[in-house]
Amino acid sequence: MNKKFWFLIVVVLFIAVKLPLQAITISKNIFINSGELVTVDKIKIPFLAFNPTATFSTTNLVLDFTTADTLLLIVTNNDSQTHGFAIKNYDLENKTIVAKSSITLKVYSTTEKVLVFYDPLNYPQNRYMGLGGMICIHKNLNEKYFYWNLKEHEVAFSKKIATQQVVDWQQYYPDYFTINGLSHPDLQNDASARVVGKVGETIRIAIANTGQSKHAIHFHGFHLRVIYSSTDQIDVDSSKDSFPLESMQSLILEMIPDKSGSYSVHDHNLVAISGGGIHPNGMFLMMKID
Amino acid sequence: MRNICFIIALFLNLANSRAQANKTFNSIMRTTGSATMYDGYKPLMYGFADNPVVDISFPAKTWIATEGDSVYIKAWNISQDHHTIHLHGLDVDMMNDGDPMTSFELDHQEKFTYKFKAKHAGTFLYHCHTADVVHVQMGMYGMVVVKPQDPMTAWTGGPRFEKEYSFLMSELDSTWHNKPPKHDTTSMTVRIPKYLPSYFLINGKSKQLFTDTILGNTSSNIYLRLANIGFYDNQVILPAELNAWIIDSDGRPLPKARKRDTLNISPGERYGVMVNSSIAIAGSIKVNFVELNTNSIRGYENIRYQINNTVGVEQTLNNQLLAIYPNPATDAVNIGTSMAIGGTVTITNSLGQQVQWQPIVSETTLFSISSLPKGLYLVAVNYLNGGTATKMKLAKE
Ligand SMILES: [Cu+2]
Ligand SMILES: [Cu+2]
């Protein structure tokens with residue numbers, strides 16, 4: 001008798017606690033589109049992307065929601081090839097999506113983090129071609145957030161992969177370096193990437209490396225605190241100015257500026273500040289603090 | 001044991017606060033330097049010199065300041081190119097940041113005094129930010145070390161050490177040095193060749209030219225400052241016997257010290273590593289240079305270490321060589337060196353700078369030390385035949 005009573009209490013409590021956490025289900029669409037990325041010097045390279053509609057764009061969609069939500073994701077393969085869907089560091093079976101069909105899945109997290117979603121088929125080629133995006137799970141959506149999806153591209157590799165030729169990753173030497181598909185100076189116009197803030201304001205930057213190379217992002221002017229880290233090289237709560245990120249790893253950084261001005265952020269593999277052999281047309285961005 | 005307690009007591013004594021000071025460094029920017037590689041190749045180097053009549057140092061000299069100092073860097077560009085000084089990791093304001101994209105650069109014969117407040121103890125870098133990929137590759141870089149008030153600790157209230165060593169990693173590609181890419185000073189752009197370095201450097205040297213050796217005693221802390229200004233990763237292999245703990249990074253203590261056998265240092269990063277071996281042992285710390293696009297090792301260098309038995313050294317000292325009295329001392333100190341007549345005795349401060357020396361002409365040598373700042377000094381006896389120096393600590397009160 002007693003046992004049943006306690007069991008009931010536990011069940012009621014469980015529902016009471018669990019309900020508000022997953023009460024809101026947000027539904028979002030993702031389309032796998034194929035198209036071309038236009039480099040900083042106007043060279044076109046074949047590219048694949050995760051977009052919110054069936055229209056191709058080089059910017060991969062950022063999936064944003066809070067720790068109180070559950071995301072219902074509908075992934076549609078709008079390409080002519082079969083693709084897959086997976087989330088790094090998340091308990092989900094890899095999915096296969098044949099051309100012109102869809103799958104549905106649920107994603108949630110009770111802690112603030114950035115996950116990387118990608119195409120695990122033909123790995124790492126499909127992901128390299130652009131199929132890598134960010135899922136940002138916030139504590140609340142009022143926080144000031146910026147998103148950096150780091151990638152690099154070797155034109156010859158992209159062309160070979162697009163025509164089903166074999167590439168040797170041990171010979172990889174990228175010639176373009178992008179954040180959200182853009183390089184300096186175009187990157188200055190990307191409102192989701194370019195940090196604009198005020199002295200004393202809490203700013204969060206979610207970073208994911210969906211490229212093949214390792215990138216080491218250095219901040220001028222400020223040390224940033226690590227809120228979330230998927231990489232063993234960077235500890236949560238550490239305060240640093242340089243943040244190395246291996247392929248498929250992600251970070252959330254917190255910046256509270258103590259002074260105004262313009263301050264640069266860039267890959268400290270300084271070769272990655274170039275594009276098509278021209279420096280500084282690469283992974284370089286200037287923040288503005290008022 | 002008594003000795004150790006005495007030394008610890010001295011350290012605590014020395015922790016009394018020191019007034020905030022101004023520190024000034026000269027930095028003459030030149031593009032006509034050279035360096036010597038292990039195979040005899042002498043690349044053209046760009047760099048920084050202390051004054052206009054000497055050649056650049058490669059790497060540039062380490063600037064050492066104390067937490068709380070106001071630091072002034074008097075830069076003077078005597079080269080035909082443009083340059084800046086970026087104070088990497090020191091979180092300076094926009095006008096002193098040395099980024100030509102957000103501030104300005106120095107044209108031929110222009111001067112500027114960069115200034116910053118050394119707010120945090122730790123290991124930092126400085127480098128030219130004009131056409132940065134080229135000017136850094138050409139050699140315009142060095143370390144900035146900010147010491148806490150007590151210079152024998154990693155940070156204020158942080159772990160104590162007996163010795164410290166700094167290692168700055170980089171690479172060098174001869175193609176870039178044989179024909180330095182010329183940047184367009186109007187559009188502020190530069191076309192760069194492929195980066196395929198063949199020299200993998202620590203403190204600007206490699207192979208037989210890199211002879212820096214970590215020397216220490218058993219069961220005593222040795223602090224290593226490791227920094228990467230190259231464009232590759234450094235994979236630092238820390239042998240188990242060194243009992244290495246990673247304690248700080250980028251000029252801040254880590255939230256939790258981590259015991260590691262491999263430490264990756266990416267471009268622009270710095271790490272503080274505390275090593276402490278319980279056994280007398282010699283060996284080397286291997287540093288692999290890892291290309292970032294292919295994650296493949298392209299070169300390596302070894303940092304040698306030799307850990308000696310503490311007891312043995314102390315016995316040698318006490319039995320025959322060195323007597324320091326009084327110790328601590330205020331105005332004068334006698335240094336007895338019965339076995340070493342004909343050699344020299346030197347007094348070195350905690351920054352490794354020799355502050356006094358005398359030839360040994362009798363069994364005791366009297367030093368006047370009233371003008372020396374309070375602190376801990378190292379007394380060394382150097383034999384005439386160039387043999388190993390014997391060292392002991394002197395405290396100035
Ligand atoms: Cu920079
Ligand atoms: Cu830098």
Side-chain angles (χ1 to χ4, degrees), chain A residues 152 154 168-175 184 211-223 225-226 232-247 258-264 266-274 276-282 284 286-289, chain B residues 86-95 97-99 101-103 120 124 127 129 131-137 181 183 188-196 228-233 246 248-256 258 263-270 290-296:
Chain A
E152 71 303 310
E154 181 174 351
D168 176 5
W169 289 106
Q170 279 307 304
Q171 302 300 319
Y172 184 50
Y173 192 89
D175 31 28
H184 176 80
Q212 183 71 9
S213 306
K214 188 171 180 177
H215 298 286
I217 301 299
H218 171 63
F219 286 78
H220 284 226
F222 311 100
H223 273 65
R225 191 168 70 92
V226 179
D232 186 51
Q233 202 175 335
I234 298 176
D235 291 337
V236 168
D237 252 350
S238 56
S239 180
K240 283 170 66 68
D241 54 65
S242 301
F243 301 90
L245 214 48
E246 304 96 332
S247 177
D258 63 341
K259 53 186 168 297
S260 60
S262 284
Y263 297 93
S264 300
H266 58 84
D267 195 332
H268 221 284
N269 163 15
L270 300 175
V271 174
I273 304 181
S274 68
I278 302 289
H279 175 281
N281 295 351
F284 181 94
M286 284 174 280
M287 311 186 286
K288 189 171 174 287
I289 307 299
Chain B
H86 169 56
L87 297 154
H88 178 116
L90 286 152
D91 297 350
V92 304
D93 60 51
M94 187 167 99
M95 285 318 282
D97 185 44
D99 181 357
M101 304 287 275
T102 56
S103 55
H120 295 269
F124 305 90
H127 61 82
H129 219 294
D132 51 57
V133 63
V134 178
H135 288 204
V136 168
Q137 169 56 203
H183 78 284
M188 290 167 78
T189 59
V190 58
R191 176 169 287 282
I192 56 167
K194 232 180 180 183
Y195 186 61
L196 298 165
N228 181 1
I229 187 65
F231 308 153
Y232 280 10
D233 256 18
I246 318 304
D248 62 85
S249 179
D250 294 0
R252 301 289 188 277
L254 286 171
K256 228 173 140 187
R258 285 245 238 162
L263 170 68
N264 278 295
I265 309 175
S266 291
E269 278 196 300
R270 294 88 61 208
V290 185
E291 204 269 346
L292 295 171
N293 301 307
T294 55
N295 191 29
S296 58

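In what follows, every chain begins at residue 1, and chains take the letters A, B, ... in the order their sequences are listed.
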Once rounded to the nearest 0.5 Å, what's the spacing between atom [atom1] of [X] and atom [atom2] of [Y]?
X        : Y        : atom1 : atom2 : result
A/Asn269 : B/Leu292 : CG    : CG    : 5.5 Å
B/Arg270 : A/Lys240 : CZ    : NZ    : 7.5 Å
A/Ile289 : B/Met94  : CD1   : CE    : 11.5 Å

Checklist line | Carboxylate-amine/guanidinium contact B/Lys256 A/Asp235, below 4.0 Å | finding: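 Judged by the 4.0 Å cut-off on N to carboxylate O distance, B/Lys256 and A/Asp235 do not form a salt bridge.
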
Interchain contact, [X] with chain A, by part (heavy-atom threshold 4.5 Å):
X        : answer
B/His127 : side chain
B/His86  : side chain
B/His183 : neither
B/Val92  : backbone
B/Ile229 : side chain
B/Asp248 : neither
B/Met188 : backbone

Check: Between A/His266 and B/Met101, does a side-chain contact (heavy atoms from CB on, under 4.5 Å) hold up when you go through it step by step?
Finding: CA-CA 12 Å; A/His266 58 84; B/Met101 304 287 275; over 6 Å; no

Next item on the list: Go through B/Ser266 and A/Gln233 one step at a time and tell me if the side-chain contact (heavy atoms from CB on, under 4.5 Å) criterion holds.
Entry: CA-CA 10 Å; B/Ser266 291; A/Gln233 202 175 335; 3.4 Å; yes

Measure across [X] and [Y] and return the closest heavy-atom pair with its distance rounded to 0.1 Å.
X        : Y        : value
B/Gly89  : A/Asp241 : CA-OD2, 3.3 Å
B/Ser296 : A/Gln170 : CB-OE1, 3.5 Å
A/Tyr263 : B/Thr102 : N-CG2, 4.2 Å
B/Asn293 : A/Tyr173 : ND2-CD1, 4.3 Å

Can you tell which part of [X] gets under 4.5 Å to a heavy atom of chain B, answering side chain, backbone, both or neither?
X        : result
A/Val226 : neither
A/Asp232 : both
A/Asp258 : side chain
A/Phe284 : side chain
A/His218 : side chain
A/Ile273 : side chain

Margin query: Between B/His120, B/Glu291, B/Arg252, who has the most heavy-atom pairs with chain A when the cutoff is under 4.5 Å?
Written below: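 Winner by heavy-atom pair count: B/Arg252.
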
Check: In terms of heavy-atom pairs under 4.5 Å, which option from B/Ile246, B/Val136, B/Leu254, B/Asp97 contacts chain A the most?
Finding: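 Heavy-atom pairs under 4.5 Å are most numerous for B/Asp97.
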
Check: Heavy-atom distance under 4.5 Å between the side chains of A/Lys214 and B/Asp233, does that happen here?
Finding: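 In contact.
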
Item checked: Close side-chain approach of A/Ser242 to B/His88, heavy-atom, < 4.5 Å ->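 They are in side-chain contact.
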
Looking at [options], which one has more heavy-atom pairs under 4.5 Å with chain B than the rest?
options                                : answer
A/Ser238, A/Ala216, A/Gly277           : A/Gly277
A/Ser247, A/Ser264, A/Gly261, A/Ser260 : A/Ser264
A/Lys259, A/Glu246, A/His268, A/His215 : A/His268
A/Val271, A/Asn281, A/Asp175           : A/Val271

Note to self: For the CG atom on B/Asp93, are there more than 12 heavy atoms of other groups (residues, nucleotides or ligands in this structure) within a distance under 6.0 Å?
What the structure shows: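 Above 12, so yes.
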
Next item on the list: Go through the steps to decide whether B/Gln137 and A/Leu270 satisfy the test side-chain contact (heavy atoms from CB on, under 4.5 Å), and finish with yes or no.
Entry: CA-CA 9 Å; B/Gln137 169 56 203; A/Leu270 300 175; over 6 Å; no

Check: So, A/His223 and B/Asp91: side-chain donor and acceptor under 3.5 Å apart, yes or no?
Finding: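 Side chains of A/His223 and B/Asp91: pair found under 3.5 Å.
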
